[in-house]
Amino acid sequence: MASCTHDHDCAEHECAANWSLYKHIDLPKVWALNEAVEGSAKSVFKSWEQRLNDQTGYLESNYGDPELIIFIPFTTDVKIKSISVIGGTDGTSPRKMRAFINREDIDFSNARDLSPVQEWELSENFRGELEYQTRYARFQGIANLTLHFPVNCGGETTRIHYIGLRGEATQIKRDTVATIIYEAMPNPSEHN
């Protein structure tokens, strides 16, 4: 369900602080499937103040295939309260969004068959005034988020200008897993 929480002049309020998770996105590791320009998915993650800035680029699907998958890793575990998506005009806005959490294996071969954590019917949202609430209890301890946009509003491509994630960072940093070898029985000759 979408709700409009921006019925005021954002310049006079602290809206940017509410959309704080973009700082916790591991931007170099963001990727998308079916993007017309490789690496363009990174351009849709920006500060709230920059959400309407078209100079920073946009993500567009390949012509004739509106489906997109975006993988979003975080530098720390996060809790996501809501998501905002600014799409393109002339039917290029996404019409449906499906979310998968803590999965790195989502692609077009399994996205439609797997049950998402949550899915939303989207409205055209050209100013970022609509946000889609998550089932907050399910969106805790997130290391990565995969968004699947299966259809758009009738255009030949899907275009996304901005994705905003509102929530909290837990400040628990992801560490590299170390391989540790335990000796079942010590060999005295190895220990001088």
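As the structure is a computational prediction, the values presented were derived from the model and not from experiment.
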Backbone N or O of [Y] within a donor-acceptor pair of the [X] side chain at under 3.5 Å?
{"X": "Asn110", "Y": "Asp113", "value": "no"}
{"X": "Ser61", "Y": "Asn34", "value": "no"}
{"X": "Gln118", "Y": "Gln133", "value": "yes"}
{"X": "Arg127", "Y": "Ile86", "value": "no"}
{"X": "Thr158", "Y": "Pro66", "value": "yes"}
{"X": "Lys79", "Y": "Gly141", "value": "no"}
{"X": "Asn125", "Y": "Glu129", "value": "yes"}

Kindly determine whether Leu33 and Phe71 satisfy side chain to side chain contact (heavy atoms under 4.5 Å, CB included), including the steps that lead there.
-> CA-CA 9 Å; Leu33 297 177; Phe71 177 75; over 6 Å; no
Passes side chain to side chain contact (heavy atoms under 4.5 Å, CB included), Ile83 versus Leu147? Steps please.
-> CA-CA 10 Å; Ile83 302 171; Leu147 296 177; 4.3 Å; yes
Measuring from [X]:[atom1] to [Y]:[atom2], what's the distance to the nearest 0.5 Å?
{"X": "Asn62", "Y": "Thr157", "atom1": "CG", "atom2": "OG1", "result": "9.5 Å"}
{"X": "Ile142", "Y": "Leu165", "atom1": "CD1", "atom2": "CG", "result": "9.0 Å"}
{"X": "Leu59", "Y": "Arg159", "atom1": "CG", "atom2": "CZ", "result": "10.0 Å"}
{"X": "Tyr63", "Y": "Glu156", "atom1": "OH", "atom2": "CD", "result": "4.0 Å"}
{"X": "Ile160", "Y": "Phe45", "atom1": "CD1", "atom2": "CZ", "result": "8.5 Å"}
{"X": "Ser47", "Y": "Lys23", "atom1": "OG", "atom2": "NZ", "result": "10.0 Å"}

Can you tell if the side chain of [X] reaches within under 4.5 Å of the side chain of [Y], non-hydrogen atoms only?
{"X": "Pro94", "Y": "Leu68", "value": "no"}
{"X": "Arg112", "Y": "Pro150", "value": "yes"}
{"X": "Leu122", "Y": "Arg95", "value": "no"}
{"X": "Ile72", "Y": "Asn144", "value": "no"}

On a heavy-atom basis, which atom in [X] and which in [Y] lie closest, and how many Å separate them?
{"X": "Ser123", "Y": "Leu130", "answer": "CB-CD1, 3.8 Å"}
{"X": "Lys46", "Y": "Thr56", "answer": "NZ-OG1, 2.7 Å"}
{"X": "Leu21", "Y": "Arg166", "answer": "CD1-C, 3.9 Å"}
{"X": "Ala169", "Y": "Val78", "answer": "CA-CG1, 4.1 Å"}
{"X": "Ile69", "Y": "Ala111", "answer": "CD1-CB, 3.9 Å"}
{"X": "Arg138", "Y": "Ile101", "answer": "O-CD1, 3.2 Å"}

Can you name the side-chain contact (heavy atoms from CB on, under 4.5 Å) partners of Asp26, sequence neighbours left out?
-> Pro28, Lys29, Pro73, Thr75
Non-neighbouring partners of Glu124 that pass side-chain contact (heavy atoms from CB on, under 4.5 Å), sequence neighbours left out =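 Result, side-chain contact (heavy atoms from CB on, under 4.5 Å) vs Glu124: Ser93, Phe126, Cys153.
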Hydrophobic cluster partners of Tyr136 (side-chain heavy atoms under 4.5 Å) |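 Same cluster as Tyr136: nobody, lone residue.
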Under the side chain to side chain donor-acceptor pair (under 3.5 Å) rule, collect the residues that match up with Ser43, sequence neighbours excluded.
-> none
Can you run down the ring-ring contact (aromatic ring centres under 6.0 Å, His included) pairs that involve residues 75-116, sequence neighbours left out, and say none if there aren't any?
->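 Those involving residues 75-116 do not exist here.
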Exceeds 12 heavy-atom contacts within 6.0 angstrom, atom CG of Asn53 |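 Yes.
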Distance only, no hydrogens: is a donor on one side chain within 3.5 Å (strictly under) of an acceptor on the other, for Ser84 and Glu131?
-> no
Begin from the C-alpha positions of Ser109 and Asp107 and carry the test side-chain hydrogen bond (donor to acceptor under 3.5 Å, both in side chains) through to its verdict.
-> CA-CA 5 Å; Ser109 67; Asp107 59 24; 2.5 Å; yes
Starting from the C-alpha separation in whole Å, work towards a yes-or-no answer on side chain to side chain contact (heavy atoms under 4.5 Å, CB included) for Tyr22 and Ile163.
-> CA-CA 9 Å; Tyr22 89 97; Ile163 296 176; over 6 Å; no
Those residues at least two apart in sequence (or on a different chain) that pass ring-ring contact (aromatic ring centres under 6.0 Å, His included) with Phe139 are none
Cationic tip of Arg51 within the cone over Tyr162's six-membered ring, i.e. under 6.0 Å and within 45° of the normal?
-> no
Could you walk me through whether Phe74 and His24 pass the ring-ring contact (aromatic ring centres under 6.0 Å, His included) test, one step at a time?
-> CA-CA 6 Å; Phe74 298 96; His24 301 286; 8.3 Å; no
Go through Glu67 and His148 one step at a time and tell me if the side-chain hydrogen bond (donor to acceptor under 3.5 Å, both in side chains) criterion holds.
-> CA-CA 8 Å; Glu67 194 169 11; His148 177 217; 2.6 Å; yes
